[in-house]
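Both counts, for ligands and for their atoms, begin at 1 and track the order of listing.
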Amino acid sequence: MTSATGPLPTAARSPSPQSGEGETPRHVAIIMDGNGRWAKARHLPRVAGHRKGIETVRVVTRAARSLGIEVLTLYAFSSENWRRPAEEISDLMGLLRHFIKSDLDELAREGVKLRVIGDHTAFAPDLVKMIDGALARTAANTGSTLVIGLNYGSQDEIVRAARALAGRDPAMIDAAAIETVLDTSGLPPVDLLIRTSGEHRLSNFMLWQAAYAELLFVDTLWPDFGADELRAAVTAYGLRERRFGGL
Ligand code: FPP
């Protein structure tokens with residue numbers, strides 16, 4: 001058990017080796033927000049915002065690779081997004097299908113390993129099959145990692161982790177043990193968490209993994225975010241002083 005004088009949680013004990021002034025974050029996580037407002041401002045249907053949002057996903061994943069970011073996590077569909085109108089949910093699922101069809105070849109060719117966090121098995125069977133196929137196809141890749149949040153919610157992830165550990169000796173349950181049963185098992189902690197569109201909330205995203213993350217809230221709507229904005233975010237991260245609870 002961790003006491004006041006005991007060991008620090010794993011995320012604090014193992015800050016990114018590259019973290020610190022002027023360094024590139026190893027793991028960047030993004031809450032892609034503002035697609036609906038982008039569309040509304042143009043008198044377009046919400047799906048047009050999501051469609052443009054996919055283009056941004058493409059641009060930002062390429063930019064992340066060229067910046068040397070090891071892991072990029074994108075929050076595409078939260079466990080709370082089921083509350084949206086059926087038509088919008090169906091549009092989002094359609095766009096995900098389209099993204100896998102159109103972008104998997106490039107991701108595979110570039111050595112990107114795909115991972116999913118969240119329980120994507122709740123999706124339609126054909127989409128589950130496509131996602132599983134994409135995960136299998138890129139599983140052996142050793143370049144950067146693209147993590148997509150699908151039916152993801154941090155509290156749900158922690159509940160599933162607690163269930164996975166429930167039969168164990170309580171004395172053996174520590175931060176490291178919990179990390180082995182989280183969806184992000186084996187990934188480095190989040191160094192930089194970005195939310196677009198001017199909202200200042202974490203919305204049930206990576207609550208464990210972002211324990212020591214630098215938070216960056218930008219006003220840009222996700223469809224207007226791009227390589228320059230990502231570069232600026234990485235520069236801003238490099239100017240932050242990370243202390244992990246120390247002095
Ligand atoms: C938030 O904007 C965005 C979403 C809920 C969906 C994000 C999904 C994509 C960009 C496409 C799928 C992604 C991948 C990786 C294939 P919002 O609709 O909440 O915008 P608003 O707050 O302005 O209404």
Item to complete: Compare every heavy atom of V112 with every heavy atom of T138, then report the nearest pair and how far apart it is.
Response: CB-O, 3.3 Å
Worksheet entry | Closest non-hydrogen atom pair, L230 against I194 | CD1-CD1, 4.2 Å
Fill in: For atom 12 (C) of ligand 1, the protein heavy atom that lies nearest, with its residue and separation
I54 CD1, 3.6 Å
Worksheet item: Which atoms of ligand 1 are found less than 4.0 Å from any heavy atom of L96?
Response: 16 (C)
Response to the item:
The side-chain hydrogen bond (donor to acceptor under 3.5 Å, both in side chains) partners of E88 (sequence neighbours excluded) come to R46, H50, R84
Fill in: Residues D132 and K129 bridged, charged N to O under 4.0 Å
no
Worksheet item: Which heavy atom of the protein is the closest neighbour of atom 19 (O) of ligand 1, given with residue, atom name and distance?
Response: R84 NH2, 2.8 Å
Discussion item. So is S197 touching ligand 1 or not, going by heavy atoms under 4.0 Å?
Written reply: no
Worksheet item: For the residue pair N151 and S79, what are the closest heavy atoms and their distance?
Response: OD1-CA, 3.4 Å
Fill in: Over all atoms of both residues, closest heavy-atom pair of A39 and G49
CB-N, 3.7 Å
Fill in: E106/R62 salt bridge by N-O under 4.0 Å criterion
yes
Discussion item. Within ligand 1, which atoms have a heavy atom of F99 less than 4.0 Å away?
Written reply: 16 (C)
Worksheet entry | Among R46, M32, E55, E199, closest by any non-hydrogen atom to atom 24 (O) of ligand 1 | R46
Worksheet item: Could an N or O of ligand 1 be found under 3.5 Å from any N or O of N81, whether backbone or side chain?
Response: no
Response to the item:
Any heavy atom of L221 under 4.0 Å from ligand 1? The part involved is neither
Response to the item:
The protein heavy atom nearest to atom 8 (C) of ligand 1 is A76 O, 3.6 Å
Worksheet item: What protein heavy atom sits nearest atom 10 (C) of ligand 1, and how far off is it?
Response: N35 ND2, 3.5 Å
Worksheet item: Based purely on interatomic distance, does W38 place a nitrogen or oxygen under 3.5 Å from a nitrogen or oxygen of ligand 1?
Response: no
Discussion item. Using a 3.5 Å cut-off on N or O atoms only, is G36 in polar contact with ligand 1?
Written reply: yes
Discussion item. For ligand 1, which is the ligand I care about here, please tell me if Y75 has any N or O atom under 3.5 Å from one of the ligand's N or O atoms.
Written reply: no
Worksheet item: Is it true that E199 and R37 make a salt bridge, defined as a side-chain N closer than 4.0 Å to a carboxylate O?
Response: yes
Response to the item:
In short, S203 meets Y75 closest at the heavy-atom pair O-OH, 3.4 Å
